[in-house]
Amino acid sequence: MKPYVICLMHSSLDGRTHPSRWRPKGAGTDWFEKIHDEFGGDAWVIGRVTGSEFAKGKPYPSETRETFPRENWFARRDAKTYGVVLDAQGKIGWGRSDIGGDPVVVVLTEGVPDSHLAGLRGEGVSYIFAGKSEIDLALALDILNRELGVKRLLVEGGGVANGAFLRAGLIDEFNLILSAAIDGARGAPFAFDSTDADSDQRAPLTAMTLESTRDLGGGVLLLRYLIQNDPQAVGK
């Protein structure tokens, strides 16, 4: 069963998502965590690049004498909220087992070496397998729901991860915190993006409905859109 998926992002008026680059500085940048907490998701998910920003460790050793089955492994199943990180090839050495108190769950593919699995286990970092060489997002959501009881998932970037969920038709709702600021230069990420390989793919959106507009003060708005996807394309 698929969790209800909410994409939450914070952007400038020109759609850029690195607040440190915005002008004027500090324009509504304290709202993201407040809205995140209001939504009360069972889990939140980010991509590898964003996940690397939270990691404190070095890459794990490249060899091990141990072998592990390509089966889901959980250090904890009792958390109120989980931090899910997409790391298809197993690049992140964590040096921690939680982010802000939320246990980390890494989404891997079956090609990840045993040495990486040993590193994750040694640090108490849970992991699931969702695909042989590329992550199957629909499968990952099914596993999170079935194994950890995740019914409400917050997708929170970066742009490539958000775009992958969007193109897979898995986002039910998009909430945008829109700050009265502008980036205005090249090089910053967008709320939704793609890899070069996915650049010609389009999301199976059939409708977007503005459900509500909330004035957060200081020129900052929270825009809530409900999304309808082509049911024939969901998860593909």
Worksheet item: Side chain of Ser12, backbone of Trp22: donor and acceptor closer than 3.5 Å?
Response: no

Item to complete: Report yes if some heavy atom in the side chain of Val85 is under 4.5 Å from a heavy atom in the side chain of Trp94; otherwise report no.
Response: yes

Practice prompt. Look at the side chain of Ser11 and the backbone N and O of Arg16, then say whether any donor-acceptor pair between them is shorter than 3.5 Å.
Written response: no

Item to complete: Would you sort out whether Leu176 and Leu222 count as a side-chain contact (heavy atoms from CB on, under 4.5 Å), showing the intermediate values?
Response: CA-CA 6 Å; Leu176 178 65; Leu222 175 61; over 6 Å; no

Discussion item. Which label fits Trp44 and Phe54: parallel for a plane angle under 30°, tilted from 30 to 60°, or perpendicular past 60°?
Written reply: tilted

Worksheet item: Quick one: does Arg167's side chain have a donor or acceptor within less than 3.5 Å of a partner on Phe165's backbone?
Response: no

Discussion item. So, taking the atom named CG in Leu170 and the one named CG in Leu141, what distance separates them when rounded to the nearest 0.5 Å?
Written reply: 5.5 Å

Item to complete: Identify the heavy atoms of Ala180 and Ala27 that sit nearest to each other, and give their distance.
Response: O-CB, 3.8 Å

Fill in: Exercise: identify the closest heavy-atom pair between Ala55 and Gly93
CB-O, 3.6 Å

Worksheet item: Salt bridge or not for Arg70 and Glu110, using N-O below 4.0 Å?
Response: no

Worksheet item: Are Phe174 and Phe190 connected in the hydrophobic side-chain network, where two residues link if heavy atoms are under 4.5 Å apart?
Response: no

Worksheet entry | Donor-acceptor pair, side chain of Arg23 and main chain of Lys25, under 3.5 angstrom | no

Worksheet item: Which heavy atom of Ser199 sits nearest a heavy atom of Ser194, and at what distance?
Response: CA-OG, 3.5 Å

Response to the item:
In this structure, CG of Leu221 is separated from CG of Leu13 (nearest 0.5 Å) by 9.0 Å

Worksheet item: Are Tyr4 and Ile143 in one and the same hydrophobic cluster, where Ile, Leu, Val, Met, Phe, Trp and Tyr link if side-chain heavy atoms are under 4.5 Å apart?
Response: no

Discussion item. Under 4.5 Å between side-chain heavy atoms, counting indirect links through other Ile/Leu/Val/Met/Phe/Trp/Tyr residues: same cluster for Leu223 and Leu205 or not?
Written reply: yes

Worksheet item: So how far is it from Ser97 OG to Asp102 CG, rounded to the nearest 0.5 Å?
Response: 11.0 Å

Worksheet item: Tell me, which pairs form a side-chain hydrogen bond (donor to acceptor under 3.5 Å, both in side chains) where one or both residues lie in residues 52-65, sequence neighbours left out?
Response: Tyr60-Glu123

Practice prompt. Compare all side-chain heavy atoms of Ile99 with those of Val104 and state whether any distance is below 4.5 angstrom.
Written response: yes

Worksheet entry | Reported CG-to-CG distance for the pair Leu139 and Asp142, which is rounded to 0.5 angstrom | 6.5 Å

Item to complete: Would you mind reporting whether Trp31 and Val220 have side-chain heavy atoms less than 4.5 Å apart?
Response: yes

Worksheet entry | Minimal non-hydrogen separation, Val107 against Ala140, with atom names | CG1-CB, 4.1 Å

Item to complete: Using the side chain to side chain donor-acceptor pair (under 3.5 Å) rule, take His10 and Thr17 through it: C-alpha gap first, then chi angles, then the decisive distance, then the call.
Response: CA-CA 6 Å; His10 188 187; Thr17 59; over 6 Å; no

Fill in: Asp172 bridged to Lys2 by N-O distance under 4.0 Å
yes

Worksheet item: Is it true that a side-chain atom of Asp198 and a backbone atom of Ala164 form a donor plus acceptor pair closer than 3.5 Å?
Response: no

Item to complete: Determine which pairs satisfy side-chain hydrogen bond (donor to acceptor under 3.5 Å, both in side chains) with at least one residue from residues 150-163, sequence neighbours left out, and list them in order.
Response: His36-Glu156

Discussion item. Side-chain heavy atoms nearer than 4.5 Å, only ILVMFWY residues, links allowed to pass through others: does that put Phe39 and Leu210 together?
Written reply: no

Discussion item. Using the rule given for ring-ring contact (aromatic ring centres under 6.0 Å, His included), can you reason through Tyr127 versus Phe68, listing the C-alpha separation, both sets of side-chain angles and the distance that settles it, and then say yes or no?
Written reply: CA-CA 12 Å; Tyr127 58 82; Phe68 302 98; 7.8 Å; no

Discussion item. I'd like to know if Phe74 and Leu120 are part of one continuous hydrophobic network [Ile/Leu/Val/Met/Phe/Trp/Tyr, side-chain heavy atoms within less than 4.5 Å].
Written reply: no

Discussion item. Using every non-hydrogen atom in the two residues, find where Ala43 and Val84 come nearest and quote the distance to one decimal.
Written reply: CB-CG2, 4.1 Å

Discussion item. Apply side-chain contact (heavy atoms from CB on, under 4.5 Å) to residues Ile6 and Leu153 and explain how you reach the verdict.
Written reply: CA-CA 6 Å; Ile6 301 171; Leu153 177 74; over 6 Å; no

Practice prompt. Report yes or no: does Asn145 contribute a side-chain atom to a donor-acceptor pair with the main-chain N or O of Val150 at less than 3.5 Å?
Written response: yes

Fill in: N/O donor-acceptor pair under 3.5 Å between Asn229 side chain and Pro231 backbone
no

Item to complete: Flag the pair Val112 / Leu117 as yes when at least one side-chain heavy-atom distance between them is below 4.5 Å, and no otherwise.
Response: yes

Worksheet entry | Step-by-step side-chain contact (heavy atoms from CB on, under 4.5 Å) determination, Lys91 to Arg48 | CA-CA 8 Å; Lys91 301 294 186 182; Arg48 180 184 63 80; 3.9 Å; yes

Fill in: Neighbour count above 12 (heavy atom, 6.0 Å) for Asp200 CG
no

Fill in: Reported CG-to-CG distance for the pair Leu137 and Leu166, which is rounded to 0.5 angstrom
11.5 Å

Worksheet item: Does a side-chain heavy-atom distance below 4.5 Å link Val155 with Leu8?
Response: no

Worksheet item: Could you walk me through whether Asn175 and Tyr225 pass the side-chain contact (heavy atoms from CB on, under 4.5 Å) check?
Response: CA-CA 6 Å; Asn175 283 256; Tyr225 291 90; over 6 Å; no

Fill in: Within-4.5 Å side-chain heavy-atom neighbours: Ile92 and Val106
no

Discussion item. Donor-acceptor check, side chain of Ser115 to backbone of Pro61, threshold 3.5 angstrom: yes or no?
Written reply: yes

Fill in: Pairwise side-chain contact, Val45 with Leu154, heavy-atom cut-off 4.5 Å (strictly under)
no

Worksheet item: Considering only heavy atoms from C-beta outward, does the side chain of Ile128 approach that of Val105 to under 4.5 Å?
Response: yes

Practice prompt. Provide the closest heavy-atom pair for Gly124 versus Ala75 in the form atom of the first, atom of the second, distance.
Written response: O-CB, 3.3 Å

Discussion item. Could you measure the distance from the CD atom of Gln89 to the OG atom of Ser133? Nearest 0.5 Å is fine.
Written reply: 7.5 Å

Item to complete: For residues 75-87, pull every pair meeting side-chain hydrogen bond (donor to acceptor under 3.5 Å, both in side chains), keeping only residues two or more places apart or in separate chains.
Response: Arg76-Asp78, Arg77-Glu147

Practice prompt. Salt-bridge test for Asp14 and Arg21: reply yes if a basic N is under 4.0 Å from a carboxylate O, no otherwise.
Written response: no

